> 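Got a structure here, written out as structure tokens. Questions coming.
All heavy atoms count here, side chains included; hydrogens, waters and symmetry mates do not. Being a predicted model, the structure only gives us computed values, none of them experimental. Read the numbers this way: they start at 1 and go in the same order the structure lists the ligands and their atoms.
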Amino acid sequence: MKLPYAESHKIKMVENIRKSTREERIKWISEARYNLFNLKSEQVFIDLLTDSGTGAMSDRQWAEMMLGDESYAGASSYYKLKNAIQEITGFEYFLPTHQGRAAENVLFSVLVKKGDFIPGNSHFDTTKGHIEFRKATAVDCTIDEAFDTTKEHPFKGNIDLDKLEFVLDSNPREHIPMIVVTLTCNTAGGQPVSMQNLKEVKRLADQYKVPIVFDSARFAENAYFIKKREKGYENKSIREIVSEMFSYADAMTMSSKKDAIVNMGGFIAMRDPDLHREASTYNIMFEGFVTYGGMSGRDMNALAQGLYEGTEFNYLESRIGQVALLGKRMQEFGVPVLVPFGGHAIFVDAKKFLDHIPQEQYQAQTLAIELYLEGGVRGVEIGTLLADRDPVTRENRYPKLELLRLAVPRRVYTNNHMDYVATALGNVYERRHEIKRGLKIIEEAPILRHFTVELDRV
Ligand SMILES: *Cc1c(COP(=O)(O)O)cnc(C)c1O
């Protein structure tokens, strides 16, 4: 018999978590204005709000923390990280930043100006935020299959080449500073991009002389899917695949809080020394001197080690296997979920789950609240709240998908926790017709509103 996967780690230290009562949760969620971001973490039993910065560092990463060099300039930790990035991605130049959106802020300060168009697969919310803040437009060129939650397609994060070519063709070159490819495509449900697609995007980009930037938060998970799903890559190592992926990019932004398994950190990496020089000025202004840019030496050390651990096959197999287990259990309860399962999260189709509640009442947020009330599980809305308002008309943007995302932190929860979550959601599914009302907005911020929005029951 083929042996199943098993975690490539064992547990050395534990953190206790506490269940609450339904009465407590009813009170807490109302005090939190029906925004799960406003809950205290101890009011949550299983926290699947995000996989960002919530992973468990290894003993080696903690050991690296002790070796951190906190020199202001030229710290050994900087060079350790530089070597790791170069070895894994092939990029010669890099700038540390305190997290992924800071990397976007610095890089986009150089590249993006008013009136620009930035095509790509579905942009992440902070990426889009940084583009729109500069009065430029993010153009979503994801393949249509990505918007059908029931359609099995191995690479739903792929870019539609016709859509991309249309953008490249119909705008002046000087208004297209870059193409952004997000790996895996978080907004489309943690869906991967194929190597074939990366190659074809590169061919078009070369033809139109537009640089490609990878938004790389989950590049290792993307590589794992390429290995499992794309012909010709089954016998290649994750590192070989990663290295080929990045060969099709000119620069990358990284949120190290994802696939590099650290709690905080990010970076920009690039091939072009001129771009590095220009971005350095902004890095110094916004983040810190170029050899630490918002990170402690110890954090750069842990990040370097995390890049190696995060690109190991056995780790990725158990990581993505655990996410798939959560998805399978939910399907057994009849819960409508996006397929194929994402690498870092299971996305519940709230439009189908709560089809009797109108989208104007924030179906996915309503479902997130119900799951919290049921079992103290915290997920996050990826729907109308996240989609925000149109920057010009200020009307709500209603996205095609209304999803509840349950993101699984790396190396944190056991499969019993996954069973608990699936059962809780199964219970909500059984009583879904008793949920009669959705939510309405009481208070919201002009940009990235979902973090601070205040809601109430309709
Ligand atoms: C998390 C994330 C970011 C932003 O990174 P932060 O570290 O949260 O600032 C950007 N792009 C993608 C795809 C992400 O998942």
> Only one of Phe246, Tyr248, Phe214 passes ring-ring contact (aromatic ring centres under 6.0 Å, His included) with Phe219; say which it is.
Phe246

> Decide yes or no on salt bridge (charged side-chain N to carboxylate O under 4.0 Å, His left out) for Glu7 and Arg319, but give the supporting numbers first.
CA-CA 8 Å; Glu7 283 69 21; Arg319 149 78 178 152; over 6 Å; no

> Which atom names give the shortest non-hydrogen contact between Ala345 and Ala407, and what distance separates them?
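Scanning both residues, the minimum pair turns out to be CB-CA, 3.6 Å.
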
> Hey, which atoms in ligand 1 end up nearer than 4.0 Å to a heavy atom of Asn186?
15 (O)

> For ligand 1, find out whether one of its N or O atoms is nearer than 3.5 Å to an N or O atom of Gln99.
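Looking only at distances, the answer is yes, because the N/O contact criterion of under 3.5 Å is met.
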
> CD/Glu370 to CG/Leu354 distance, rounded to the nearest 0.5 angstrom?
7.5 Å

> Of Lys258, Arg218, Arg405, which is the lone residue that meets side chain to side chain donor-acceptor pair (under 3.5 Å) with Asp51?
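Single pass found, and it is Arg218.
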
> Side chain, backbone, both or neither: which part of Lys257 comes within less than 4.0 Å of ligand 1 when only heavy atoms are counted?
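Side chain only.
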
> I want to confirm something. Looking only at heavy atoms, which of Phe124, Phe214, Phe219 is nearest to atom 12 (C) of ligand 1?
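Considering heavy atoms of Phe124, Phe214, Phe219, the nearest to atom 12 (C) of ligand 1 sits in Phe124.
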
> To the nearest 0.5 angstrom, please state how far the OH atom of Tyr362 sits from the CD1 atom of Ile441.
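Rounded to the nearest 0.5 Å, the OH-CD1 separation comes to 3.0 Å.
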
> Please confirm whether the backbone N or O of Gly53 pairs with a side-chain atom of Asn263, one donor and one acceptor, at under 3.5 Å?
yes

> Give me the residue, atom name and distance of the protein heavy atom closest to atom 7 (O) of ligand 1.
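Scanning the protein heavy atoms, the shortest distance from atom 7 (O) of ligand 1 goes to Ser255 OG, 2.7 Å.
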
> Which atoms of ligand 1 have any heavy atom of Thr126 under 4.0 Å away?
3 (C), 4 (C), 10 (C)

> Answer yes or no: is there an ion pair linking Asp140 with Lys400, defined by an N-O contact shorter than 4.0 Å?
no

> Asp215 heavy atoms, cut-off 4.0 Å: which ligand 1 atoms fall inside?
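The list of qualifying atoms is 10 (C), 11 (N), 12 (C), 13 (C).
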
> Could you list which atoms of ligand 1 come closer than 4.0 Å to a heavy atom of Glu104?
10 (C), 11 (N)

> Would you check the N or O atoms of Thr182, main chain and side chain alike, for any that come under 3.5 Å of an N or O of ligand 1?
no

> Has ligand 1 got any nitrogen or oxygen that is less than 3.5 angstrom from a nitrogen or oxygen of Gly100?
yes

> Against ligand 1, does Arg218 come closer than 4.0 Å with any heavy atom?
yes

> Are any of the N/O atoms in Arg101 less than 3.5 Å from those in ligand 1?
yes

> What pairs with Arg449 under salt bridge (charged side-chain N to carboxylate O under 4.0 Å, His left out), at least two apart in sequence or on another chain?
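Salt bridge (charged side-chain N to carboxylate O under 4.0 Å, His left out) list for Arg449, sorted by chain: Asp388, Glu444.
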
> Tell me which protein heavy atom sits closest to atom 2 (C) of ligand 1, plus the residue, atom name and distance to 0.1 Å.
Lys258 NZ, 2.5 Å

